[in-house]
Structure formats: structure tokens, C-alpha cells
Amino acid sequence: MQPKRILTMQDLSCVGQCSLTVALPVLSAMGVEAAVLPTAILSTHTMFKKWTYFDLTCEIENIYNGWRENDIKFEGFLLGYLGKKSLMDLAEKAFDDFSTQNAPIIIDPVFGDNGKLYGGFDLEYVKAMRNLVRRAHIVVPNLTELCFMLGWEYPESYDKQYIESALREMKKYTSATVILTGVQFDGKIGEAILADGNIEYVMGEKLPTSYHGTGDIFASVFTANYLNGKGLAKSCENAGKFVADCIRSTPDGHFYGVCFEKVLNKF
Ligand code: PXL
């Protein structure tokens, strides 16, 4: 059987293991044909002290014209860091013009973590993302992104009731399955999945350190598994285990990402 071709739309950070430099190798190694649409080129990701940013909005219509000429279609979409509202409008155009029937749209909102927005984002961006996720089949926010999209304050602590009401509140904005990542209970970490009105948890080992870029790895491994026919829960479980293995393979002091290469080599 031919691998599924998906389009992943996110930035290309030249240095710092995240976004396209993660999605491309992970999707390919897991048997998915990864087509890319870079939204911006950055010297590094924005957790470095300084970075440069070149927005690629101006080139995307041109790329789309090239795809139209060749009748190119995608059997799935994975969106990560878009960077600007203009890219969201262009993402919708891609869903409209380059999708096969029933191609899943998976959106990781990627605009914040630990209760804060990443550098360069504001509440207008959050609102635009909340509008974009109405097109998704699956949304994969962390708690920061979920709270910002709901207009809720980031909580100092939470219980299952809080998580479940936040997930259900998201139904005001999208009919997508919502997979909340990085949920922590009883010393474990995992996902809370709201699908078809039911909530399910997939919990795994919580390691003592956290690293940048693990959300992007989670989304890529999840997407590859899901497109390869694994269900929601199994895809989350595999993605969570993969991230944990990456963290275990990363030496202290490697602050800008995880050494996923070592885990991919064993895959
Ligand atoms: O890992 C998320 C991410 C992706 N791309 C860029 C980022 C970040 C998080 O900071 O800065 C450019």
C-alpha cells in the first residue's frame, strides 16, 4: 500500500529541534509521505535569546498555484506553529483546494506554554486560532492554549472536573475531537481526550525534566500513528511513550529540544 501523503504546515526554525525539523523526519520514519509548507523561516526557535523571523505569507499563493498545475492533493493535514493570522487564512485555502475526501485536519494551536504566550503572539492571534480550529477534526492543545482559547485564567492547580469542563467548553468553538496534552494527575502525565461526548485519559510515566519541542514531537508521532490507522487512544499512547524515550535520551544541558534522533534510529 502506498504511504498516505500529508501536508504539514509549520515554521522552519533553522536551529532548535522543533516544528518542521521534527515533523519531517518523524513522519517519514513512521511511513507517512510528508509534504511541507513552511510558514516562516527563523534563525532558531523563539526560546533562544535572539532570533530572526522571515514570514513566508508572500510565497504561499505562488506555491498553491504550482500545486494546482500538478493537481496535488493531500490525505491529511498537520498544522503547527503558523506565526501570523495571514497563514491561518491560507491554511483554510489549503483545506478547501488540496484535500482528498475526508482527509483529517489535525491542528496543534502552538502559541503558548506554562500559562504564557510564546514571544510574538497576542490575544488577536489566539482569537484567530480559536476560529481556525472550527475546521479541525482533531485539535491538540496544551492547557495553556486551551485556557487562552476559552478566555480562562491559567489555573495554579486543577482536578479532573476542571479538565473535563474545559474540554467540553471547547465544543462552543469546534466539533473536533479535543486532545488536551500534558495533563498531570497522581505523578503521571498524559492526555485527556474528548471524542463523541466521552472523555478518556491516556496516562504515562512523568519524567522529572521537561524540554522544548516535545509538543511538536507528540503531534507528529500522533499524526503518523493516526493516519496509519491506529485509534485515538493508541496513537496518544504511542506518541507519549515516544516523547518519554526522547527525554530519556537527552543529556542535561541540551536545553533547546530533545534528542529524538536516537529514538528514531531504534524505531
Ligand atoms: O515548539 C513550538 C515552537 C515552534 N516553532 C517556533 C517556536 C516554538 C516554541 O517556542 O518558537 C518558532
Side-chain angles (χ1 to χ4, degrees), residues 7-27 34 36-57 59-60 77-88 90-91 106-123 125-126 128-129 132-133 136 138-149 154 179-182 189 191 207 209-224 239-240 242-244 246-247 249-250 254-261 263-264:
L7 177 65
T8 184
M9 195 173 170
Q10 36 192 325
D11 71 280
L12 179 57
S13 284
C14 299
V15 175
Q17 294 145 306
C18 70
S19 354
L20 283 183
T21 59
V22 165
L24 196 49
V26 167
L27 291 166
V36 298
L37 189 60
T39 55
I41 299 182
L42 290 85
S43 52
T44 63
H45 61 60
T46 63
M47 290 298 165
F48 283 76
K49 275 192 217 116
K50 293 197 169 169
W51 72 90
T52 65
Y53 189 104
F54 182 76
D55 177 44
L56 287 171
T57 301
E59 182 57 16
I60 306 270
F77 296 86
L78 169 62
L79 270 59
Y81 183 106
L82 301 180
K84 297 263 185 293
K85 158 118 185 17
S86 51
L87 272 310
M88 296 186 201
L90 288 161
I106 300 168
I107 301 184
D108 181 347
V110 190
F111 56 70
D113 204 2
N114 299 313
K116 295 199 184 81
L117 296 176
Y118 294 137
F121 291 124
D122 58 18
L123 292 180
Y125 187 86
V126 172
M129 182 55 75
L132 182 65
V133 298
I138 302 177
V139 195
V140 196
N142 59 33
L143 186 58
T144 302
E145 291 154 350
L146 182 59
C147 286
F148 266 102
M149 284 192 286
Y154 185 74
I179 300 179
L180 175 61
T181 60
I189 189 162
E191 293 73 49
L207 297 167
T209 35
S210 61
Y211 286 92
H212 197 70
T214 50
D216 299 346
I217 294 180
F218 181 91
S220 298
V221 179
F222 169 83
T223 298
F242 190 95
V243 168
C246 290
I247 293 175
S249 303
T250 304
H254 188 91
F255 76 97
Y256 52 84
V258 283
C259 299
F260 69 93
E261 301 83 358
V263 184
L264 264 191

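Treat the numbers as computed from the prediction; the structure is a model and nothing was measured. In each ligand, atom 1 is the first atom listed, and ligand 1 is the first ligand listed.
- A perpendicular orientation is assigned to the rings of Phe111 and Phe148, their planes being inclined by more than 60° (bins at 30° and 60°).
- In the displayed structure, Phe255 atom CZ is contacted under 6.0 Å by more than 12 heavy atoms of other residues, nucleotides or ligands.
- Against a heavy-atom cut-off of under 4.0 Å, Cys18 is close to the following atoms of ligand 1: 1 (O), 4 (C), 5 (N).
- Remark: distances from the non-hydrogen atoms of Gly215 to ligand 1 are all 4.0 Å or more.
- Close approach of ligand 1 to Ser13 is summarised as follows: ligand atoms under 4.0 Å from at least one heavy atom of the residue are 12 (C).
- Short contacts between ligand 1 and Ser19, defined as distances under 4.0 Å to a heavy atom of the residue, involve ligand atoms 4 (C), 5 (N).
- Closest to atom 1 (O) of ligand 1, if we only count protein heavy atoms, is Asp216 OD2, 2.8 Å.
- Looking at ligand 1, you won't find any N or O of Tyr81 less than 3.5 Å from one of its N or O atoms.
- In plain terms, the two heavy atoms of Thr21 and Phe260 that are nearest each other are O-CZ, 3.6 Å.
- Residue, atom and distance of the protein heavy atom nearest to atom 5 (N) of ligand 1 are Asp11 OD1, 2.8 Å.
- Remark: ligand 1 and Thr46 share an N or O pair separated by less than 3.5 Å (distance only, no angle test).
- Below 3.5 Å of separation, one finds no N or O of His45 facing any N or O of ligand 1.
- Residues Cys14 and Ile41 form a side-chain contact, since some pair of their non-hydrogen atoms from C-beta on lies under 4.5 Å apart.
- Close approach to Leu42 involves these atoms of ligand 1, each under 4.0 Å from a residue heavy atom: 12 (C).
- Ile189 is not listed as a side-chain neighbour of Thr181, based on a closest heavy-atom distance of 4.5 Å or more.
- No donor-acceptor distance shorter than 3.5 angstrom exists from the side chain of Thr8 to the backbone of Val36, with no hydrogens or angles considered.
- Residue-ligand proximity: His212 is placed with a non-hydrogen atom under 4.0 Å from ligand 1.
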Show your working on ring-ring contact (aromatic ring centres under 6.0 Å, His included) between Tyr81 and Phe121 and close with a plain yes or no. CA-CA 11 Å; Tyr81 183 106; Phe121 291 124; 5.3 Å; yes

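- Checked by atom type, the side-chain pair Thr39/Asp11 shows no donor-acceptor distance below 3.5 Å.
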